[in-house]
Amino acid sequence: MKEFYADLHIHIGRTWTGKAVKITGAKSLTLTEALKVSSERKGLDMIGVIDCHSPEVMEEIDELMRQGSVTAIEGGGLRFGKTTLIPGSEIEIYDSQCQGPVHVLAYFPILDKMRLFSNWMAQHVTNIQLSSQRIYCDGKTLQLKVKELDGLFIPAHVFTPFKSLYGKGVSESLTEVFDPKLIDAIELGLSSDTSMAKEMNELNAYVFITNSDAHSLGKIAREYQKLELKEPSFSELSMALQETGGRRVATNYGLNPKLGKYHNTVCAKCFTPAQPNTKLCLNCGAKAIVKGVALRIAELAKINHTDNYRERPPYIHQIPLDFIPGLGPKTMDKLLDYFGSEMNILHEATFEQLKQVVPEKIAHYIDLARKGQLAIEIGGGGRYGKVKANEKESH
């Protein structure tokens, strides 16, 4: 087996004609730019673009294929340079079984399957051009359609307080909304990690994946995974999620959950930490308490606890390069000119090699960041945590 780096949750901000897809996404985040940055700057071997249901995004893929810069892979997926594109879609479910909206991811092996899915979905959403649209059918019907088209079905950022399975959609169990046999993996999200999620018994059946949920080019690969596959293709990815034939997710790389926007329970207005089950902020009086992921997982683990943990790959708390104090665009360009890609900086460059390119202090920060050893100010209430300069995380 060979090792491949994959980020499977990347949005499209605008189409090639300038139309919005992910309204909150950056205008520079087009399909072509996402492919270029993922392949050339980030050094990713596989990406999932989860707005490929949008007709203009598919048109752009068709044009890239006509130009010869994108080619179909026999095992499923589309090749651009060194990077495999897996066509995907993010969909919002809010049926009679959901207490709140739930986001899910669907991936397909070839563009023709995605086109069929898009045509079907257009009958059940208000605007097929846009990302993360609410679909007017129940979760199990959506699962069956994805499987009918040979797709993969994955609940997205499952603990986020808004628009997620456990954060909003269900009271206790995923079976309230989905058929558990038709789920291929669980996406953890930025405010949780394996050590937190593994406490839940019903998640023992699934592989955990870690993705960026990128809304801009710079955020691509802030979380990702290392896969062990024969080649970067859809069929090999599917086998890795089922852990068959020696394929697997070998390592998850993600933010320390403390850096996530929703890790702690805080007031979203003044960002003061709040006590469990408090409705009013004791500091400013606002009714704006957002329950943190850490508290929500603790609640769920009490209901659905396990001591029979499945063996899982290591989860590396890796701080993205753009979080590092003092690492500005010019310094970053120097590193990329020398090492070629962010994956090489994070995984191949030694500390001694880094010191040859950037000041020793920056090299030291990079080394601590990729080991998850920089001190952190905890995030919550919609505000990211921060990396503290000149301090080291205690272990």
Side-chain angles (χ1 to χ4, degrees), residues 1-10 34-49 71 73-86 88 105 107 109 152 154 184-188 193-195 198 206-214 219-256 310-321 335-336 338-354 366-367 369-372:
M1 297 296 164
K2 298 178 182 178
E3 295 178 344
F4 302 97
Y5 295 109
D7 178 359
L8 300 171
H9 190 149
I10 298 171
L35 286 167
K36 287 179 179 177
V37 168
S38 298
S39 184
E40 298 166 9
R41 181 186 178 97
K42 300 293 180 176
L44 291 167
D45 302 294
M46 179 183 289
I47 62 171
V49 173
T71 56
I73 301 169
E74 186 174 344
L78 300 159
R79 182 66 49 77
F80 175 90
K82 72 178 289 282
T83 303
T84 297
L85 164 65
I86 305 295
L105 306 169
Y107 303 93
L152 298 171
I154 301 174
D184 293 287
I186 294 290
E187 184 187 65
L188 293 179
D193 63 9
T194 297
S195 67
K198 73 177 185 180
Y206 309 110
V207 164
F208 293 158
I209 61 172
T210 42
N211 301 310
S212 68
D213 194 358
K219 292 295 188 287
I220 293 172
R222 62 180 169 179
E223 293 201 347
Y224 56 97
Q225 47 264 304
K226 180 167 67 179
L227 304 172
E228 289 185 358
L229 314 168
K230 283 192 172 180
E231 62 175 3
S233 68
F234 180 92
S235 61
E236 291 281 315
L237 171 63
S238 181
M239 292 176 71
L241 298 183
Q242 302 302 321
E243 295 185 322
T244 59
R247 284 76 165 174
R248 68 185 185 119
V249 175
T251 310
N252 295 103
Y253 295 93
L255 301 179
N256 185 316
R310 68 180 280 170
E311 184 177 349
R312 292 194 179 276
Y315 190 109
I316 306 299
H317 287 160
Q318 184 173 272
I319 294 170
L321 293 170
L335 287 165
L336 289 168
Y338 192 89
F339 295 109
S341 71
E342 290 187 20
M343 291 299 112
N344 287 340
I345 296 167
L346 290 166
H347 299 288
E348 304 298 333
T350 66
F351 176 62
E352 293 300 320
Q353 288 173 327
L354 290 169
I366 293 172
D367 199 40
R370 57 190 184 179
K371 296 174 182 175

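This is a predicted model, so every value here is computed, not measured.
Taking NZ of Lys82 as the reference point, atom CZ of Phe4 lies at 9.0 Å (rounded to 0.5 Å). How far CD of Glu231 is from OG1 of Thr84: 8.0 Å, rounded to the nearest 0.5 Å. Between the CG atom of Leu241 and the CG atom of Leu227 there is a distance of 8.0 Å, given to the nearest 0.5 Å. Put simply, CG on Asp193 and NE2 on His317 are 3.5 Å apart, with the number rounded to the nearest 0.5 Å. Distance OH/Tyr315 to CG/Asn252: 6.5 Å, rounded to 0.5 Å. Atoms CD1 and OH, on Ile186 and Tyr206 in that order, are 6.5 Å from each other to the nearest 0.5 Å.
Across every non-hydrogen atom of Thr83 and Leu44, the tightest pair is OG1-O, 2.7 Å. For His9 against Ser212, the heavy-atom pair with the smallest separation is O-OG, 3.3 Å. Closest approach of Arg370 to Leu346, counting heavy atoms only: CD-O, 3.4 Å. Scanning all heavy atoms of the two residues, the minimum distance from Lys230 to Lys2 falls at O-CD, 4.2 Å. Across all their heavy atoms, Ala221 and Lys42 have their closest contact at CB-CD, 4.2 Å. The two residues Leu255 and Pro320 have their closest heavy-atom pair at CD2-CD, 3.1 Å.
Not a single donor-acceptor pair under 3.5 Å links the side chain of Glu223 to the backbone N or O of Thr210. A donor-acceptor pair under 3.5 Å is absent between the side-chain atoms of Ser39 and the main chain of Leu35, judged by distance alone.
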| Derivation and outcome, side-chain contact (heavy atoms from CB on, under 4.5 Å), residues Arg247 and Glu228 | CA-CA 5 Å; Arg247 284 76 165 174; Glu228 289 185 358; over 6 Å; no

| request: List the steps and the verdict of side-chain contact (heavy atoms from CB on, under 4.5 Å) for Ile366 and Leu321. | output: CA-CA 7 Å; Ile366 293 172; Leu321 293 170; 4.2 Å; yes

| task | Step by step, work out the side-chain contact (heavy atoms from CB on, under 4.5 Å) result for Ser238 and Asp184. | result | CA-CA 8 Å; Ser238 181; Asp184 293 287; 5.6 Å; no

| said: For a side-chain contact (heavy atoms from CB on, under 4.5 Å) check, start with the C-alpha distance between Phe234 and Leu152, then their side-chain angles and the critical distance, and finish with the verdict. | reply: CA-CA 9 Å; Phe234 180 92; Leu152 298 171; 3.7 Å; yes

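Between His347 and Tyr253 there is a side-chain heavy-atom pair separated by less than 4.5 Å. Within the 4.5 Å cutoff, side-chain heavy atoms of Leu336 are placed close to those of Ile345. Gln353 places a side-chain heavy atom less than 4.5 Å from the side chain of Phe339. Side chains of Pro232 and Arg79 form a contact here, defined as non-hydrogen atoms less than 4.5 Å apart. At least one side-chain heavy atom of Ile154 sits under 4.5 Å from a side-chain heavy atom of Tyr107.
At most 12 non-hydrogen atoms from other residues, nucleotides or ligands lie less than 6.0 angstrom from NZ of Lys36.
A salt bridge links Glu3 with Lys226; the closest basic N to acidic carboxylate O contact falls under 4.0 Å. Under 4.0 Å is where a charged nitrogen must lie from a carboxylate oxygen, and between Arg248 and Glu243 no such pair does.
For the side chain to side chain donor-acceptor pair (under 3.5 Å) with Gln225, the qualifying choice from Asn211, Asp7, Thr251 is Asn211, the only one to do so.
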